[in-house]
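First the structure, which I've put down as structure tokens, then a few questions once you've had a look.
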Amino acid sequence: MEIGVLNFDEVHNDLTRKIIHVDMDAFFASVEIRDNPKLANKPVIIAKHPNLTHGRGVVSTCNYIARSFGVHSAMSAKQAYELCPNGVFLPGNYTKYQSVSNQIKQIFSRYTDKIEMLSIDEAFLDVTTNFIHSKSAIYIAKCIQRDIKKELNLTCSAGVSYNKFLAKVASDMKKPAGLTVILPEEAKEFLKNLPIKKFYGVGRKSLEKLKMLNIEKGEDLLHYNALELINQFGRLGFMMLQRVHGIDNSKVQPNRQRKSIGKESTYYPELVTIEDVTIAIRNHCYKIEDSLNKRQLYGNLITLKLRYSNFETKTHQKKIDKYINQSEDIFQEAIDLYEEFGIIDAPIRLLGVSISGLSKNIKIEQLV
Ligand code: TTP
Ligand code: MG
């Protein structure tokens, strides 16, 4: 396909699927309130009390009462305290939340085995075909909301549409305990008015750039020529364009627990100079970043594997105290390993980089 003549009305758009996105409401806080109903009418903030941490600490989440004071996830606990001094601060119990998350997954699995847990409290379900032989994804979404309420005494919001992107945007529209459906014929109109930051994957830097180009909502993308957007934003440009046309053919990927993600290649001619090695490591790291992003994973253990021309093979590992997913960060660790352990002047015939210690549910403070 020639990019210059891209016509998104002609790109294949799978409208036949039925996708549900489920996201728990104020998840950690709701579990705590459920287990201690005295908290029900109070602002509840999941963070260590700033007095106990000398002002360090970050808010994981808070209930909707606390949100009315302006408290939100990722805010410092100190600031949350200033906004809401009567808030109940709770340290959070990750093990408990993970076990509730497993129970939620059990409920999903009554309806389909095509479940992709995106994080501890949200999942995509493909219910195009399903275990209860229902034609209605809306019905299944309601069943799931009912089961979660009845059995776990928690509420969730759900979005239903024909692709993952629209289902995810939909689930966020009527929180808490909402159900939003976006039909194929409604999608384009809906997307025109959608703020550009909701086209997920649009990070802070890109947002600034989009603002400079006066792109604030979906329809503003349509004023630009496809080639121009792709030149400016690369893959993100292409992705945003597909999405504003209501296209996201990505599949619900049931979670396989991957132990590591890596890339290795053999080289002939062999790698001789430090420049050769640097380029090889860098190329591997780009690919690893891609794979991590696709699966929304982070890792904290980097491995460098080197096979020299005499077939001697060595692996070197480094555990880091933060979780990373960016190629530049992985590159830094891998090149450090090479500088520390690589044999100078020995030609390399195989070089591999991999990352393990993989996790999806990374708390903000564990990130670089
Ligand atoms: P979210 O689904 O983003 O938030 P939420 O469920 O608390 O609230 P909402 O009703 O808006 O969906 O995240 C799920 C859980 O992940 C959340 O309860 C706590 C945790 N979390 C963090 O620990 N740090 C963060 O920065 C975020 C965003 C979430
Ligand atoms: Mg949630």
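Each ligand, and each atom within it, is numbered from 1 in the order the structure gives.
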Practice task
State whether Phe238 and Arg235 meet the cation-pi test: NZ (Lys) or CZ (Arg) under 6.0 Å from the six-membered ring centroid, and within 45° of the perpendicular axis.
Solution key: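 That pair does not qualify as a cation-pi contact.
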
Problem - salt_bridge(Asp172, Lys198) N-O dist < 4.0 Å - result: yes

Fill in the blank from the handout: Thr61 heavy atoms within 4.0 Å reach ligand 1 at atoms 5 (P), 7 (O), 17 (C), 18 (O), 19 (C)

Handout entry: Under 3.5 Å: N/O of Phe27 near N/O of ligand 1
Key = yes

Practice task
Would you check the N or O atoms of Val59, main chain and side chain alike, for any that come under 3.5 Å of an N or O of ligand 1?
Solution key: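 No, Val59 has no N/O under 3.5 Å of an N/O on ligand 1.
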
Problem - Ala26 touching ligand 1 at heavy-atom level, < 4.0 angstrom - result: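 Yes; Ala26 lies near enough to ligand 1 that a heavy-atom distance drops under 4.0 Å.
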
Exercise for the section: Number the atoms of ligand 1 from 1 as they appear, then name those within less than 4.0 Å of a heavy atom of Asp23, with their elements. Expected result: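 This gives 2 (O), 12 (O) as the contact atoms.
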
Practice task
Kindly indicate whether a cation-pi arrangement holds for Arg243 with Phe165, taking the cut-offs as under 6.0 Å to the six-membered ring centre and within 45° of the axis.
Solution key: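 Cation-pi check for Arg243 and Phe165: passes.
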
Problem - Atom NZ of Lys78 with >12 non-hydrogen neighbours under 6.0 angstrom - result: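 For Lys78, atom NZ is not crowded (no more than 12 foreign heavy atoms under 6.0 Å).
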
Practice task
Assess whether atom CG of Asn310 is packed by more than 12 heavy atoms of other residues, nucleotides or ligands within 6.0 Å.
Solution key: yes

Problem - For the Mg ion (ligand 2): the N/O/S atom of Asp23 at shortest distance - result: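 Going by distance to the Mg ion (ligand 2), the closest N, O or S atom in Asp23 is OD1.
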
Handout entry: Derivation and outcome, side chain to side chain donor-acceptor pair (under 3.5 Å), residues Glu122 and His21
Key = CA-CA 7 Å; Glu122 60 178 310; His21 180 260; 2.8 Å; yes

Exercise for the section: Kindly confirm or rule out an N or O of Asp25 lying under 3.5 angstrom from an N or O of ligand 1. Expected result: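 No.
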
Practice task
Compute the shortest N/O to N/O distance between Phe28 and ligand 1 and return yes if it is under 3.5 Å, no if not.
Solution key: yes

Practice task
Please say whether Ser73 places an N or O atom under 3.5 Å from an N or O atom belonging to ligand 1.
Solution key: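 It does not: no N or O of Ser73 is found under 3.5 Å from an N or O of ligand 1.
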
Problem - Per-atom contacts, ligand 1 versus Tyr64 - under 4.0 Å to a heavy atom - result: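 By the 4.0 Å cutoff, the relevant atoms are 9 (P), 10 (O), 11 (O).
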
Practice task
Can you figure out which of Ser101, Cys62, Ser60, Cys156 has its heavy atom closest to atom 21 (N) of ligand 1?
Solution key: Ser60

Practice task
Using a 4.5 Å cut-off on heavy atoms from C-beta on, say whether the side chain of Phe124 contacts that of Val22.
Solution key: no

Problem - Phe331 six-ring centre to Arg282 NZ/CZ under 6.0 Å and within 45° of normal - result: yes

Exercise for the section: Name whichever N, O or S atom of Asp121 ends up nearest to the Mg ion (ligand 2). Expected result: OD2

Exercise for the section: Answer yes or no on whether Lys209 is positioned over the face of Phe233, meaning its NZ or CZ is under 6.0 Å from the six-membered ring centre and within 45° of the axis. Expected result: yes

Exercise for the section: Assess Tyr97 for proximity to ligand 1: is some non-hydrogen atom of it under 4.0 Å away? Expected result: no

Handout entry: Electrostatic pair Lys314:Glu312 at N-O distance under 4.0 angstrom
Key = yes

Exercise for the section: Decide, counting backbone as well as side-chain atoms, whether Met24 has an N, O or S atom less than 2.8 Å from the Mg ion (ligand 2). Expected result: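 A backbone or side-chain N, O or S atom of Met24 is under 2.8 Å from the Mg ion (ligand 2).
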
Practice task
Name the option, out of Lys175, Arg67, Met75, Met24, that contains the heavy atom nearest to atom 8 (O) of ligand 1.
Solution key: Arg67

